[in-house]
Each structure stands twice: as C-alpha cells, then as structure tokens.
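First comes the structure, then the notes that go with it.
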Amino acid sequence: MIPADRHVDADAARRCLRGELLAEQLTTHARELVVAWLHRRGCTDAAVAARTGMTTYTAARIRARLHLPVVPPDL
C-alpha cells in the first residue's frame, strides 16, 4: 500500500508510464516506482529507459539501488 504522502509520486509515476511525463520530471521516489513497476513486468534497463525517457545508465542505477536483479534481454 502506498502511504498517503506518496500518492502524488504514484500519480506522477502512472502518468510517466502513460507517456504524459518524462522521468526527468519526476521525483526520485516516483522514478523508483516506475523502475520497480516496469521491472516487475520483466522490462530490461534499456526498455525502461526507452519507455520513460531516462538513460539506460539511470535505469540501471535506480534498479541496483532498489536491489532488483538484472533482467536479461531476450535473444
């Protein structure tokens, strides 16, 4: 459950996933939500970056900070 004080971040993260905002427009916590949600769907760092407008490096850095494993690319 998302704490009440984080609803704004969750709303912004959802807007980013819909393509209404770029990751650079989000707070740190909202970016973490985006990365975690897309990781849970099996997205690679490159896919997260492409969908959100962040760099692959940033997506990987956030994923690592959240202690999430690397999603290998489909070959």
Side-chain angles (χ1 to χ4, degrees):
M1 184 153 139
I2 299 171
D5 64 336
R6 294 298 187 168
H7 281 283
V8 172
D9 289 331
D11 289 340
R14 286 185 199 98
R15 288 182 65 200
C16 181
L17 292 177
R18 290 192 303 260
E20 298 170 10
L21 294 173
L22 293 174
E24 67 186 24
Q25 297 172 283
L26 304 178
T27 65
T28 300
H29 186 257
R31 276 187 232 127
E32 289 174 347
L33 287 173
V34 167
V35 170
W37 292 344
L38 290 175
H39 182 273
R40 185 174 60 215
R41 294 179 188 173
C43 292
T44 63
D45 295 337
V48 171
R51 176 132 182 217
T52 63
M54 66 176 73
T55 65
T56 303
Y57 172 81
T58 298
R61 188 172 43 87
I62 293 170
R63 179 195 42 75
R65 184 172 62 233
L66 296 174
H67 303 285
L68 299 171
V70 172
V71 175
D74 292 334
L75 299 178

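The figures that follow rest on heavy atoms only: side chains count, while hydrogens, waters and symmetry mates do not. Bear in mind that the values here come from a model prediction, so they are computed numbers and not experimental data.
Taking each heavy atom of Trp37 and Ala10 in turn, the nearest pair found is CH2-O, 4.0 Å. Counting all heavy atoms, side chain and backbone alike, Met54 lies closest to Ala49 at O-CB, 3.1 Å. Ala23 and Cys16 make their closest contact through N-SG, 4.0 Å (heavy atoms, listed as atom of the first residue, atom of the second, distance).
Note on residues 45-55: pairs passing side chain to side chain donor-acceptor pair (under 3.5 Å), not counting sequence neighbours, are Asp45-Arg63, Thr55-Thr58. Identified under the salt bridge (charged side-chain N to carboxylate O under 4.0 Å, His left out) test for residues 22-38, with sequence neighbours left out: Glu32-Arg65.
Here Thr44 pairs with nothing under the side-chain hydrogen bond (donor to acceptor under 3.5 Å, both in side chains) rule; sequence neighbours left out. By the salt bridge (Lys or Arg N to Asp or Glu O under 4.0 Å) test, Arg61 pairs with no residue at all, sequence neighbours left out. Qualifying side-chain contact (heavy atoms from CB on, under 4.5 Å) partners for Arg15, counting only residues two or more places apart in sequence or in other chains: Arg18, Glu20, Leu21.
One hydrophobic cluster, built from ILVMFWY side chains closer than 4.5 Å, cannot hold both Val48 and Val71; they sit in different ones. There is a path of hydrophobic side-chain contacts, each under 4.5 Å, that joins Leu17 to Leu66. When hydrophobic clusters are built by joining Ile, Leu, Val, Met, Phe, Trp and Tyr residues whose side-chain heavy atoms come closer than 4.5 Å, directly or via intermediates, Leu68 is grouped together with Val34.
Taking CG of Leu38 as the reference point, atom CG of Leu33 lies at 10.5 Å (rounded to 0.5 Å).
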